[in-house]
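Bear in mind the structure is a predicted one, so any value in this text is a computation, not a measurement. Computation of the quantities below employed the complete heavy-atom set of this structure, encompassing side-chain atoms and omitting hydrogens, waters and symmetry-equivalent molecules.
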Amino acid sequence: MSVPVLGPADAVEVARTLGRALADGDIDRDLHRSLPYDEVKGLAESGLLALTVPAAFGGADASVSTVTEVFRALAWGDPNVAQIPHSHVVFLNQLRLHGSPEHQQRIFGEVLAGSIVANAQSEFGSKHVRDIRTTLSPAGAGWLLNGEKFYATGSLFADYLAVLSRRETDGSLQVAWIRKDASGVEVVDDWDAVGQRTTGSGTVRLTDVVVGADWVTPFSVEFDRPTTYGAFAQVLHAAIDVGIARRALDEAGEFVRTTSRPYPDAGVERAAEDPVVVHAFGQLELAVRGSEALLRVAAEAVDAANRTLTEDTAAEASLAVAAARASSTAVSVDVASQLFQVAGTRAALAGLNLDRHWRNARTHSLHDPAGWKVHHLGRWAADGIRPPRHGQI
């Protein structure tokens with residue numbers, strides 16, 4: 001199979017079309033925790049997962065602005081499906097920055113043929129998110145990989161896993177690239193969260209997995225110089241939040257127009273004419289539009305930094321993304337909650353599953369504390385201190 005190479009306009013249109021198709025089944029997938037194997041396959045076949053493959057390897061080499069809008073459109077339809085390829089594009093970026101030409105040719109070529117990459121980063125029980133205990137031990141001309149990963153989003157659907165690990169010889173962080181079906185790899189479907197229930201974010205166990213010497217890329221060095229690596233990853237998280245917020249508001253509007261009853265004191269025939277409801281919708285629309293605008297600005301800032309990468313442009317990209325992410329966290333959770341206030345009691349019926357928006361927003365927005373985004377914005381505004389380089393801002 002060879003996937004289409006999409007230009008920016010085509011990519012966005014394909015994403016919006018897929019988003020609408022995803023929206024047709026997201027209620028049932030969430031209710032029954034039906035894993036979206038067919039939907040992810042269709043996503044890979046659409047060409048959207050090859051958007052970031054460099055032009056030198058036959059890819060579209062799409063801008064961050066284009067990729068961000070693609071993720072927002074997919075998240076509008078189903079944020080679970082939108083989150084699954086997040087690590088795919090982030091680690092393709094890592095490969096682009098640090099992979100050998102031979103390694104790049106192999107992985108990029110397989111992505112252009114429809115393959116999917118997932119992450120295996122976070123670990124359960126370590127001191128904090130950057131405390132990585134999975135190890136790469138010398139073994140002949142290569143390495144042995146051992147450890148256990150938690151929250152390995154998309155791993156159930158992937159062909160390759162990009163495993164964050166610590167090299168025993170020098171303690172440095174490395175990314176080990178392995179086939180999901182390699183000997184010693186076990187992917188467990190044990191993800192159990194209140195939201196984002198179908199992302200395939202279960203446990204990955206690694207036991208003496210053989211890794212070739214040329215299938216390891218350095219991770220620690222990524223943050224030794226100005227970079228947009230973290231800003232790129234974070235702006236896509238913001239896009240997922242913003243997609244959730246817009247869909248929640250759209251569904252609230254539809255419910256009020258077609259199902260809600262007006263409050264008697266309003267003296268109107270339709271709930272959509274109730275002045276209290278109208279005012280509440282105006283506030284929600286304002287919040288969502290603000291978050292959408294911050295998202296666009298952030299994506300453009302990352303693109304600008306990629307064109308001319310300096311300490312200043314990298315810092316500006318991170319700050320713009322921090323603002324977008326702080327906003328998207330608050331807005332997605334708030335709009336998904338306020339949905340019930342504007343739609344009324346009937347909206348709380350379990351079969352409607354309107355609460356999935358809040359559950360998805362609340363779960364996804366916990367990836368990185370929004371308070372730290374605000375903190376780094378405050379340090380910049382008050383004292384001109386650039387944000388740190390560690391991949392989470």
Side-chain angles (χ1 to χ4, degrees), residues 1 3-6 11 14-15 18-19 22 35-54 57-64 66-75 78-99 103-104 106-122 149 151-164 175-181 185 187 191 196 198-202 204 215 217 219 229-230 232-240 243 364 367 391:
M1 180 181 73
V3 304
V5 178
L6 302 170
V14 168
L18 278 179
L22 291 171
L35 295 173
Y37 284 100
D38 290 341
E39 289 76 13
V40 173
K41 180 182 179 183
L43 183 58
E45 292 174 347
S46 73
L48 292 177
L49 300 192
L51 280 178
T52 61
V53 173
F57 294 91
D61 216 352
S63 68
V64 175
T66 296
V67 178
T68 298
E69 175 56 22
V70 163
F71 270 72
R72 191 206 64 79
L74 293 173
D78 187 339
N80 292 266
V81 176
Q83 191 183 344
I84 288 166
H86 178 275
S87 294
H88 171 90
V89 296
V90 169
F91 278 97
L92 289 186
N93 188 34
Q94 208 274 338
L95 180 69
R96 176 185 193 141
L97 294 168
H98 298 295
H103 190 187
Q104 291 173 336
R106 173 68 180 272
I107 298 294
F108 289 142
E110 293 209 25
V111 168
L112 288 169
S115 289
I116 300 172
V117 177
N119 86 95
Q121 296 184 88
S122 295
K149 297 292 188 176
Y151 204 69
T153 299
S155 55
L156 287 175
F157 312 97
D159 301 288
Y160 286 94
L161 300 177
V163 183
L164 191 59
V175 177
W177 295 74
I178 59 174
R179 292 281 309 182
K180 187 183 76 173
D181 57 6
V185 178
V187 179
W191 177 238
Q196 294 297 91
T198 62
T199 55
S201 300
V204 172
W215 282 74
T217 52
F219 190 79
Y229 182 84
F232 175 56
Q234 290 292 315
V235 77
L236 299 184
H237 278 309
I240 294 170
H364 178 260
H367 270 82

To check you understand the geometry: which heavy-atom pair defines the closest contact between V67 and A62, and what is its length? CG2-CB, 4.1 Å

Run the side-chain contact (heavy atoms from CB on, under 4.5 Å) test against P54 and tell me which residues pass, sequence neighbours left out. F57, R96, F108

Strictly distance-based, threshold 3.5 Å: is any side-chain N or O of N80 a donor or acceptor partner for the main-chain N or O of T198? yes

Nearest non-hydrogen partners of A158 and A118, listed with the distance: CB-CB, 3.5 Å

List the residues meeting side chain to side chain donor-acceptor pair (under 3.5 Å) with S155, not counting sequence neighbours, and say none if there are none. none

Salt bridge (Lys or Arg N to Asp or Glu O under 4.0 Å) pairs, two or more places apart, involving residues 82-94: none

Looking only at heavy atoms, the pair that brings A152 and V204 closest together is CB-CG2, 3.6 Å

With side chains defined as the heavy atoms from C-beta onward, is the minimum distance between V187 and K180 less than 4.5 Å? yes

Indicate the atoms forming the closest heavy-atom contact of G58 with V5, along with that distance. O-CG2, 3.5 Å

Going by the rule ring pair (Phe, Tyr, Trp, His ring centres under 6.0 Å), which residues pair with H86 if we only count those two or more places apart in sequence or in a different chain? H237

The side-chain contact (heavy atoms from CB on, under 4.5 Å) partners of A50 (sequence neighbours excluded) come to V3, V53, V111, L112

Could you work out, with side-chain contact (heavy atoms from CB on, under 4.5 Å) as the rule, every residue matching R106, not counting sequence neighbours? E110, Y160, W215

Option passing side chain to side chain contact (heavy atoms under 4.5 Å, CB included) with P79 (candidates T199, I240, L22): I240

Residues A11 and L51: closest non-hydrogen pair is CB-CD2, 3.7 Å

Partners of D181 by salt bridge (charged side-chain N to carboxylate O under 4.0 Å, His left out), sequence neighbours excluded? R179

Could you pull out all residues at least two apart from A239 that satisfy side-chain contact (heavy atoms from CB on, under 4.5 Å)? T68, F71, R72, L295

Using modelled atom types only, decide if a donor and an acceptor are shared between the side chain of Q104 and the backbone of G99 within a distance under 3.5 Å. yes

Residues which pass ring pair (Phe, Tyr, Trp, His ring centres under 6.0 Å) with F91, listed by chain and number, not counting sequence neighbours: none

Counting C-beta onward and ignoring hydrogens, is there a side-chain heavy-atom pair between L74 and V81 closer than 4.5 Å? no

Considering only residues two or more places apart or on different chains, which pairs with a residue in residues 42-54 satisfy side chain to side chain donor-acceptor pair (under 3.5 Å)? none

What residues, two or more places apart in sequence or in another chain, satisfy ring pair (Phe, Tyr, Trp, His ring centres under 6.0 Å) together with F157? Y37

Given the rule in the side chain to side chain contact (heavy atoms under 4.5 Å, CB included) test, do V175 and L164 qualify, once you have shown the distances and angles that lead to the verdict? CA-CA 5 Å; V175 177; L164 191 59; 4.3 Å; yes

Give the intermediate values and the outcome of side chain to side chain contact (heavy atoms under 4.5 Å, CB included) for residues I84 and L43. CA-CA 10 Å; I84 288 166; L43 183 58; over 6 Å; no

Could you tell me if the side chain of L156 sits less than 4.5 Å from the side chain of L35, heavy atoms only? yes

Donor-acceptor check, side chain of K149 to backbone of N119, threshold 3.5 angstrom: yes or no? no

With Y151, which residues qualify under ring pair (Phe, Tyr, Trp, His ring centres under 6.0 Å), at least two apart? W191, H367

Determine, stepwise, if the pair T217 / Q94 fulfils side-chain hydrogen bond (donor to acceptor under 3.5 Å, both in side chains). CA-CA 8 Å; T217 52; Q94 208 274 338; 2.7 Å; yes

